[in-house]
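Step one of this worksheet: look at the structure below.
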Amino acid sequence: MKVGLLFNGQGSQQAGMGADLYENLPGYKAYIDKASAILGYDLNELDQDEEKIRQTQYAQPAIVAMDAALAASLKDAGLTDVVAGLGLSLGEYPALVANGILTFEQAIALVKDRGQYMQEVGDKNPGKMVAVLDDNQDMIVEVVEGLQKKGLQVYPANFNTFSQLVIGGVKADVDQAVEALTEAGVKKQVELPVVGAFHTPLLNEASEKMATRLAGEEFGAGAYPVYSNTTKQAFTAETVKDTLTKQIVSPTYFAQCLQEMVDAGVDTLVEIGPAATLVKFAKKIAPKEVTKYTVTDFASYQKVVDAINAEKG
């Protein structure tokens with residue numbers, strides 16, 4: 001078994017997340033309590049707060065804590081055949097904790113600040129994001145770049161699958177892009193429930209602050225490759241600062257990274273986090289022969305642990 005771990009990013013959060021894991025897994029609880037001490041508030045309590053959990057400054061550390069704590073719990077339960085990791089945007093932080101480049105404490109402290117930077121800049125520069133569902137992504141990029149040449153602030157932001165590309169930017173400019181793409185033959189576009197245009201130049205100020213924040217950090221050596229959404233290459237201790245800085249304003253290439261993992265021989269994918277999101281992408285990218293699991297709560301955790309133990313005999 002060659003396992004690739006997939007880590008949820010922002011947008012997967014929901015009120016009530018992690019509650020039964022906190023109650024049933026002492027190891028998981030210990031990590032969440034450790035995160036609470038770093039953050040200065042009760043994270044388990046916040047995870048149940050429907051209003052706060054939607055806010056970037058709170059959602060980011062909550063997701064990273066849950067993802068990283070779950071990965072550690074799965075490892076303790078016997079999930080040791082991990083050969084690669086991949087997180088969607090924010091999910092790269094817990095992926096880097098799982099492979100040893102970041103410590104848990106370091107990731108929580110970094111993301112506490114990252115979430116605040118992005119919240120502040122997003123409030124000052126509100127934006128819009130729309131998922132464009134069409135497999136002609138070259139055409140989508142061409143239309144968007146044509147609008148950029150006219151002075152519009154709209155950008156390709158997330159290459160989630162080979163038939164789903166999220167665009168983002170200034171609200172009015174994104175609306176014009178939606179019209180232009182409809183005229184170009186795109187049949188389906190879905191607005192995302194976000195207030196900021198993540199992974200676009202609208203977040204430049206947050207990226208600059210993150211560069212300063214990362215400057216004094218030191219990193220470990222990774223036990224296995226974690227692929228960067230930004231560079232499509234595996235993170236190293238030498239590239240992590242630059243990559244995590246650029247990540248905030250650069251497009252994510254999740255689809256291409258997942259394809260790389262599968263091509264490298266991963267035969268089992270385990271998605272970790274509050275929601276079953278990335279496995280839906282994986283079903284459109286990875287072949288049916290690749291086993292796919294999602295761990296979002298105690299029941300699904302137990303199911304995966306049982307499956308792993310059964311496989312090991």
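This structure is a prediction, so every number in the text was calculated from the model and none was measured.
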Please set out all donor-acceptor pairs under 3.5 angstrom arising from side-chain atoms of residues 268-275, sequence neighbours excluded.
{"unit_1": "Glu271", "atom_1": "OE1", "unit_2": "Thr277", "atom_2": "N", "d": "3.4"}
{"unit_1": "Glu271", "atom_1": "OE1", "unit_2": "Leu278", "atom_2": "N", "d": "3.3"}
{"unit_1": "Glu271", "atom_1": "OE1", "unit_2": "Val279", "atom_2": "N", "d": "3.0"}
{"unit_1": "Glu271", "atom_1": "OE1", "unit_2": "Thr294", "atom_2": "OG1", "d": "3.2"}
{"unit_1": "Glu271", "atom_1": "OE2", "unit_2": "Asn8", "atom_2": "ND2", "d": "2.6"}
{"unit_1": "Glu271", "atom_1": "OE2", "unit_2": "Thr277", "atom_2": "N", "d": "2.8"}
{"unit_1": "Glu271", "atom_1": "OE2", "unit_2": "Leu278", "atom_2": "N", "d": "2.7"}

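- Rounding to the nearest 0.5 angstrom, the gap separating the CD1 atom in Ile101 from the OG1 atom in Thr236 is 7.0 Å.
- Put simply, Leu147 and Tyr155 are part of two different groups of oily side chains (I, L, V, M, F, W, Y) that touch within less than 4.5 Å, one to the next.
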Before you tell me yes or no, could you show the steps for Val262 and Ile285 under side chain to side chain contact (heavy atoms under 4.5 Å, CB included), namely the whole-Å CA-CA distance, both residues' side-chain angles and the distance that decides it to 0.1 Å? CA-CA 9 Å; Val262 173; Ile285 298 166; 5.7 Å; no
Quiz: residues 134-144 side-chain donor-acceptor pairs under 3.5 angstrom, not counting sequence neighbours:
{"unit_1": "Asp134", "atom_1": "OD1", "unit_2": "Asn136", "atom_2": "N", "d": "2.8"}
{"unit_1": "Asn136", "atom_1": "OD1", "unit_2": "Met139", "atom_2": "N", "d": "3.2"}
{"unit_1": "Gln137", "atom_1": "NE2", "unit_2": "Thr161", "atom_2": "O", "d": "2.9"}

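- Counting only N and O atoms by type, the side chains of Ser300 and Asp297 include a donor and acceptor under 3.5 Å apart.
- The cluster map of Ile, Leu, Val, Met, Phe, Trp and Tyr, joined by side-chain heavy atoms under 4.5 Å apart, puts Met129 and Leu152 in different clusters.
- Taking CG from Leu90 and OG from Ser12, the interatomic distance works out to 8.0 Å, rounded to the nearest 0.5 Å.
- Minimum heavy-atom separation, Ala68 to Pro94: N-CB, 3.8 Å.
- Judged by distance alone, the side chain of Gln233 and the main-chain N or O of Ser228 form no donor-acceptor pair under 3.5 Å.
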Atom pairs and distances, side-chain donor-acceptor, residues 107-114, under 3.5 Å, sequence neighbours left out:
{"unit_1": "Lys112", "atom_1": "NZ", "unit_2": "Leu39", "atom_2": "O", "d": "3.4"}
{"unit_1": "Asp113", "atom_1": "OD2", "unit_2": "Arg213", "atom_2": "NE", "d": "2.5"}
{"unit_1": "Arg114", "atom_1": "NH1", "unit_2": "Gln60", "atom_2": "OE1", "d": "2.9"}
{"unit_1": "Arg114", "atom_1": "NH2", "unit_2": "Gln247", "atom_2": "OE1", "d": "2.7"}

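- Of the possible donor and acceptor atoms, one in the side chain of Thr200 sits under 3.5 Å from a partner among the backbone N and O of Leu202.
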Less than 3.5 Å apart, which donor and acceptor atoms pair up between the side chains of residues 177-188 and the rest of the protein, not counting sequence neighbours?
{"unit_1": "Thr182", "atom_1": "OG1", "unit_2": "Val178", "atom_2": "O", "d": "2.8"}
{"unit_1": "Thr182", "atom_1": "OG1", "unit_2": "Gln189", "atom_2": "NE2", "d": "3.2"}

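- At distances below 3.5 Å, at least one donor-acceptor pair connects side-chain atoms of Gln119 with backbone N or O atoms of Gln57.
- Side-chain contact check for Gln164 versus Phe281: some heavy-atom pair is nearer than 4.5 Å.
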Check the pair Asp67, Tyr93 against side chain to side chain contact (heavy atoms under 4.5 Å, CB included), reporting the backbone distance first and the verdict last. CA-CA 9 Å; Asp67 285 12; Tyr93 282 83; over 6 Å; no
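- In plain terms, the two heavy atoms of Pro156 and Pro251 that are nearest each other are O-CG, 3.6 Å.
- Evaluation of the ring pair (Phe, Tyr, Trp, His ring centres under 6.0 Å) test over residues 103-151, restricted to residues two or more places apart or in two chains, returns Tyr31-Phe104.
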Hey, mind stepping through Leu46 and Ile53 against side chain to side chain contact (heavy atoms under 4.5 Å, CB included) and telling me if it holds? CA-CA 7 Å; Leu46 180 132; Ile53 202 65; 3.7 Å; yes
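- A side-chain donor-acceptor contact under 3.5 Å links Asn229 to the backbone of Ser89.
- Put simply, the side chain of Asn204 gets close to the backbone of Pro201: a donor and an acceptor are under 3.5 Å apart.
- Shortest non-hydrogen contact noted between Ser73 and Tyr301 is O-OH, 3.5 Å.
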For Lys128 and Glu191, what are the C-alpha separation, side-chain angles and deciding distance, and is it a salt bridge (charged side-chain N to carboxylate O under 4.0 Å, His left out)? CA-CA 8 Å; Lys128 181 174 182 175; Glu191 182 176 347; 3.6 Å; yes
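- Put simply, CD on Gln259 and CZ on Phe254 are 11.5 Å apart, with the number rounded to the nearest 0.5 Å.
- Of the possible polar contacts, none joining the Gln153 side chain to the Gly169 backbone as a donor-acceptor pair under 3.5 Å is found.
- Taking the salt bridge (charged side-chain N to carboxylate O under 4.0 Å, His left out) definition, one finds that Lys280 meets it with nothing, sequence neighbours left out.
- At least one side-chain heavy atom of Leu74 sits under 4.5 Å from a side-chain heavy atom of Val305.
- Hydrophobic cluster membership is shared by Leu203 and Leu244, with clusters built from Ile, Leu, Val, Met, Phe, Trp and Tyr side chains linked at under 4.5 angstrom.
- Under the ring pair (Phe, Tyr, Trp, His ring centres under 6.0 Å) criterion, no residue pair touches residues 205-239, with sequence neighbours excluded.
- Residues Met1 and Met261 fall into different hydrophobic clusters, defined by Ile, Leu, Val, Met, Phe, Trp and Tyr side chains chained together at heavy-atom separations under 4.5 Å.
- Under the ring pair (Phe, Tyr, Trp, His ring centres under 6.0 Å) criterion, no residue pair touches residues 184-210, with sequence neighbours excluded.
- Residues Gly168 and Ala157 approach most closely at N-CB, 4.3 Å, considering heavy atoms.
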Stepwise side chain to side chain contact (heavy atoms under 4.5 Å, CB included) check, Leu214 with Val240: CA-CA 9 Å; Leu214 286 161; Val240 66; over 6 Å; no
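- Put simply, CD1 on Ile38 and CG on Asp33 are 11.5 Å apart, with the number rounded to the nearest 0.5 Å.
- Partners of Pro26 by side-chain contact (heavy atoms from CB on, under 4.5 Å), not counting sequence neighbours: none found.
- Between the side chain of Lys241 and the backbone N or O of Glu217, at least one donor-acceptor pair lies under 3.5 Å.
- Hydrophobic cluster of Val190: the remaining members, joined at side-chain heavy-atom separations below 4.5 Å, are Leu133, listed by chain and number.
- In this structure, Asn125 contributes its side chain and Gly127 its backbone to no donor-acceptor pair below 3.5 Å.
- One hydrophobic cluster, built from ILVMFWY side chains closer than 4.5 Å, holds both Val97 and Leu70.
- Using a cut-off of 4.0 Å between Lys/Arg side-chain N and Asp/Glu carboxylate O, Lys209 and Glu205 are scored as salt-bridged.
- Here the CG atom belonging to Asn99 is positioned 11.0 Å from the CD atom belonging to Glu92, to the nearest 0.5 angstrom.
- Remark: Tyr253 engages Phe159 in a ring pair (Phe, Tyr, Trp, His ring centres under 6.0 Å) (not counting sequence neighbours).
- Contact annotation: the side chain of Leu86 never approaches that of Glu260 to less than 4.5 Å [non-hydrogen atoms, C-beta and beyond].
- Side-chain contact between Thr231 and Thr239: absent, with no pair of heavy atoms (C-beta onward) separated by less than 4.5 Å.
- Listed by first then second residue, pairs satisfying side-chain hydrogen bond (donor to acceptor under 3.5 Å, both in side chains) with a partner in residues 34-54 read Lys34-Glu105, not counting sequence neighbours.
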